[in-house]
Amino acid sequence: MEGGVLAARVALSAATYAIDKPYTYLVPQGLAPTLRAGMRVLVPFGAGNRRTEGIVLSMEPLQTPPEKCKPVLTQLDEQPVLEEEGLHLAVWMAERYFCTVYEAARAMLPAGLYFSLQNRYRVRPEVSQAQAEAAAGKSELAQKVVELLYAAGGSAELGHIRAAFGARDPGPALRRLTERGVLALETSASRGVGDKRERVAVLAIPPEEALAQVSPRRRTAPMRYAVTELLCALGEASAKELCYFTGASMATLRSLAKSGILTLEEREAFRRVDPGPVEAAEPVTLNEEQQRAFEGLDALASAGRAAAALLWGVTGSGKTQVYLKLIQATLDRGKSALVLVPEIALTPQLLRLFTAHFGSGVAVLHSSLRAGERYDEWKRIRSGAARVVVGTRSAVFAPLSDLGLVVLDEEQEGSYKSEQVPKYHAQEVAKYRCARWNALLVLGSATPSVESMYQAQTGVYHLFTLSRRYNRQKLPSVEIVDLKEELRGGNGGSISAPLRRALEENLARGEQSILFLNRRGASRMVSCGECGAVPTCPRCSVYLTYHSANGRLMCHYCGHSEPLPRSCPQCGGLLSFQGAGTQRVQSELESLFPHTEILRLDADAVSATHSHEALLDRFRQEKVPILVGTQMVAKGLDFENVTLVGVISADQSLYLDDYRAAERTFSLLTQVVGRAGRGSKTGQAMIQTFTPENDVITLAARQDYGSFYRQEIEMRRLRGCPPFRDLFVLTASGLEEGAVFRACLRLRETLEAWLRGPEWRERPVQILGPAPASVAKVNNRYRYRVTVSARNDRSMRRLVAHLLRCAQQDKQNRGISVYADTDPMD
DNA sequence: AGCACGCCGACT
DNA sequence: GTCGGCGTGCTC
């Protein structure tokens, strides 16, 4: 660097959305040779120069340092935690998901990598207690600080001091005492998870030579021979493993090292996730249809241009086989592959399958791994040791290089959208990464999202279809049971007479049954028990939901509300609230079938002692006759002996108040029906509903996705829903309901004023609300939202971002937080 | 979101 | 005079 200085542009954790931008810091001489983009640093920030963590976005030489430019204090990483691609992705996410660059970067890294910063105030050793008290003077707060610090043995964490002060702010007193040389601020960074290291033995000379050296003394030094022989076969191995398999001791290894046969190195050891018993891989054989899909997809993957394809394969058509072949082809081309699944429950079986095919080159990433495991898998991926990654949503950030293939299985699933900030969608991130690496994105589904199918129909995605079930299995016969009839017949329980009969027959045959309970949105929906009518919003054609707080039916889109009618406005019948929990169904079944074991699988059953997998294993191995469960039982699980599946009530997800309700119900019902009869026996499915004539239900029963899609896409077109337009949801939250509502009103008014400008006047933008959020009060904070339906393009995102920044800095919005989200899932 | 700066009332 | 409460504006 001639003459100039080196500066780092840093994304800061302390920067809020409204002030987020790259901040420039001077790189001190000592750090200049080692600091690089993608490393994390500790920097001073704000008037008080409090220590803040940041990530270096870029390094740049400056001719003249700017006036106000503080120095980087510490370099926190020895090597970058994000590569160039990751840094670009973070910036892209910030723009797309209305979050800070740092928040985006943080979401991309395993939690084990994270530092927690501790700010500790200490009384300087040269200062006596009397001097400290004198320096505190008459300030009550300063005296209290000194007293507290001495009581704590001379130093205390900032957090503790704050806690001891309660509502009063110790800040000014701490600063004054620091200024007067009484206190010193120490900042330490500690990481939750450390690196684990191990000894590795590496063969230092060619195998023939090594064996030649130890062979003559094979009799007298059998251990030296055994170790060398094993190491010749392996090339390198952990010292622990070598000793374990040969019975040698570390002394033998050291002596071999001395003879120059091997070298001992300290290396990072990876805490591997145990894939469980791995069977030998059966060679993948594809049927004609699968082969055609594979060839088409492989042609796209090898074309070297980014592409997206939809693999639409009916349940049981063998999409996984196609994935396996594609992954193999990708690896053969020297590229890496990423496979995403919607549920953690699906990763163990996929991990086993992939490990059988690709050995130790498979890594797994999902949120319920322990921090250490997750961190280690991340490092294995980054080092290039793992070239195939299986995981849930956040695995989309796996630090793979030379990405050639990304598979999103069950692409329509809502779990690909993050619930927390940044509220990214794994599918969009995957698309971004594929574009950067010229990789192929494969979206797999039996019931594609309407958006994806639309892209396929309009030629944006390539479409491949698998319409035949593997092994030519027959689809189960499906019966729709009318719960209104049951109610009239005096059966108000959750098991109808036909379902009860079917269960009895199945029990008698010694076959298993699964009952599926669709709990989402339970008990908020109101319907007529007589005619099945569901109250609808007059302006939005969505169903109204009941709010017990004010006893009214409300629309979550536009804010319309009306009192709960005493009886059904259509027929005068009795209105009923839907809601049957798994526990209630379980106890009902227990009284219907007193000597039969009934297994329950839901979030509660899983969190208590038994793991999800253990419960399913029990169901499979002990052949428990009946399994009752929520969403979890519907997904990709194959049970030979299950010949009956029942849907307790199809209605609950159908009458939710969002545009995706129909799609989600269709998908769920189709999956559940597909669960029956996976083995040699033909299955039977039963769907209970109050609205048996509903198209979504009858189409799902027939597994007729094509008709469902045609209907749904027209509905979306008419209502201006995705894929024709996108939704931006602006949410304000705060302690006082009125203030939150008024903040939302101002958001709406500001936006309306801007949209009257010349460049916006012609564009189709619609604003709905303010309306209460679906969960109107969380943690004592009221939440209201304004929904904007418009094309999600750069200019619209900029407008929303600007609106957010203005709102966050508006003094009228004191105590109110405002944030934005696109196409939310709730 | 912190934190300083500036202004003002209260207590000494 | 100080101290501390509160409104305003900035953060490399």
Side-chain angles (χ1 to χ4, degrees), chain A residues 4-28 31 35 37 40-75 91 94 98-103 106 117-119 121 133-147 157-159 161-163 165-180 183 185 187 421 732-735 743 781 804-819:
Chain A
V5 288
L6 194 57
R9 315 223 316 141
V10 185
L12 296 179
S13 78
T16 55
Y17 183 72
I19 62 163
D20 187 43
K21 63 178 177 186
Y23 287 83
T24 309
Y25 285 87
L26 284 173
V27 179
L31 295 181
L35 192 63
R40 291 165 302 166
V41 287
L42 207 60
V43 295
F45 187 65
N49 282 332
R50 65 188 201 282
R51 277 73 198 263
T52 301
E53 195 182 311
I55 185 156
V56 178
L57 297 174
S58 63
M59 302 287 289
E60 41 185 61
L62 294 177
Q63 276 71 37
T64 44
E67 302 246 322
K68 211 160 36 167
C69 197
K70 297 178 187 179
V72 173
L73 298 175
T74 320
Q75 176 180 327
V91 173
F98 310 106
C99 66
T100 69
V101 173
Y102 183 88
E103 282 169 336
R106 182 165 189 132
L117 296 182
Q118 279 104 30
N119 287 299
Y121 278 93
E133 276 163 8
K138 277 182 274 180
S139 165
E140 191 193 316
L141 290 167
Q143 287 290 356
K144 199 173 168 193
V145 167
V146 171
E147 189 188 318
E157 285 249 349
L158 178 57
I161 303 173
R162 282 242 162 83
F165 269 66
R168 318 245 316 251
D169 181 16
L174 287 168
R175 244 160 282 122
R176 210 162 302 134
L177 289 168
T178 308
E179 245 168 57
R180 292 180 190 167
L183 300 184
L185 172 64
T187 307
V421 176
S733 75
L735 294 170
R781 290 179 79 85
L804 269 187
R805 277 191 259 271
C806 289
Q808 286 172 5
Q809 294 185 311
D810 185 349
K811 282 177 279 300
Q812 290 183 89
N813 288 340
R814 202 169 256 289
I816 292 169
S817 39
V818 187
Y819 44 90

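One distance of note links CG of L6(A) with CG of L31(A); it measures 10.0 Å at 0.5 Å rounding. The structure places CD1 of I55(A) at 11.0 Å from CG of L12(A), a figure rounded to the nearest 0.5 Å.
Annotation: side chain of P44(A) is in contact with side chain of Y25(A) (closest heavy-atom distance under 4.5 Å). Put simply, the side chain of E53(A) reaches to within 4.5 Å of the side chain of Y102(A), judged on heavy atoms. The closest side-chain heavy-atom distance from I19(A) to Q809(A) is below 4.5 Å. For the pair M59(A)/L35(A), a side-chain contact is recorded, criterion being any heavy-atom separation below 4.5 Å from C-beta on.
Atom CD in Q808(A) sits roughly 14 Å away from atom P in dG2(B) (whole-Å rounding). The CG atom of L73(A) sits 12 Å away from the P atom of dC12(C) (whole-angstrom rounding). Atom CG in L57(A) sits about 13 Å away from atom C1' in dC12(C), given to the nearest Å. Nucleotide dG2(B) holds its C1' atom 12 Å from the CG atom of N49(A), rounded to whole Å. The NZ atom of K70(A) sits 8 Å away from the C1' atom of dC12(C) (whole-angstrom rounding). The nearest whole Å value for the distance from the OH atom in Y17(A) to the P atom in dG2(B) is 19 Å. Atom CZ of R51(A) is separated from atom P of dA1(B) by 23 Å (rounded to the nearest Å). The interatomic distance linking L12(A) (CG) with dA1(B) (C1') rounds to 13 Å, in whole Å.
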*Would N49(A) and K70(A) satisfy side chain to side chain contact (heavy atoms under 4.5 Å, CB included), going step by step from the backbone distance to the final call?*
CA-CA 9 Å; N49(A) 282 332; K70(A) 297 178 187 179; 2.4 Å; yes
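If A47(A) and Q809(A) are placed on DNA chain B by their nearest nucleotide, the residue sitting closer to the 5' end is Q809(A).
Side chains of S817(A) and S733(A): a donor-acceptor N/O pair is present below 3.5 angstrom, by distance only.
Seen from the ring of Y17(A), R805(A) counts as a face-on cation partner, given the 6.0 Å and 45° thresholds.
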*Going 5' to 3' along nucleotides 6-12 of chain B, which nucleotides have protein heavy atoms under 4.0 Å from the base (write B), which only from the sugar-phosphate (write S), and which from neither (write -)?*
-------
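Among dC3(B), dT11(C), dC12(C), the nucleotide with an atom closest to any side-chain atom of R50(A) is dC3(B).
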I'd like a list of close polar pairs between nucleotides 2-8 of chain C and the protein, N/O only, cut-off under 3.5 Å.
residue, atom, partner, partner atom, Å
dG4(C), OP1, E140(A), N, 2.9
dG4(C), OP1, L141(A), N, 3.4
dG4(C), OP2, S139(A), OG, 2.8

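Nucleic acid contact for R9(A): none, since no nucleic acid atom lies under 4.0 Å from a heavy atom of the residue.
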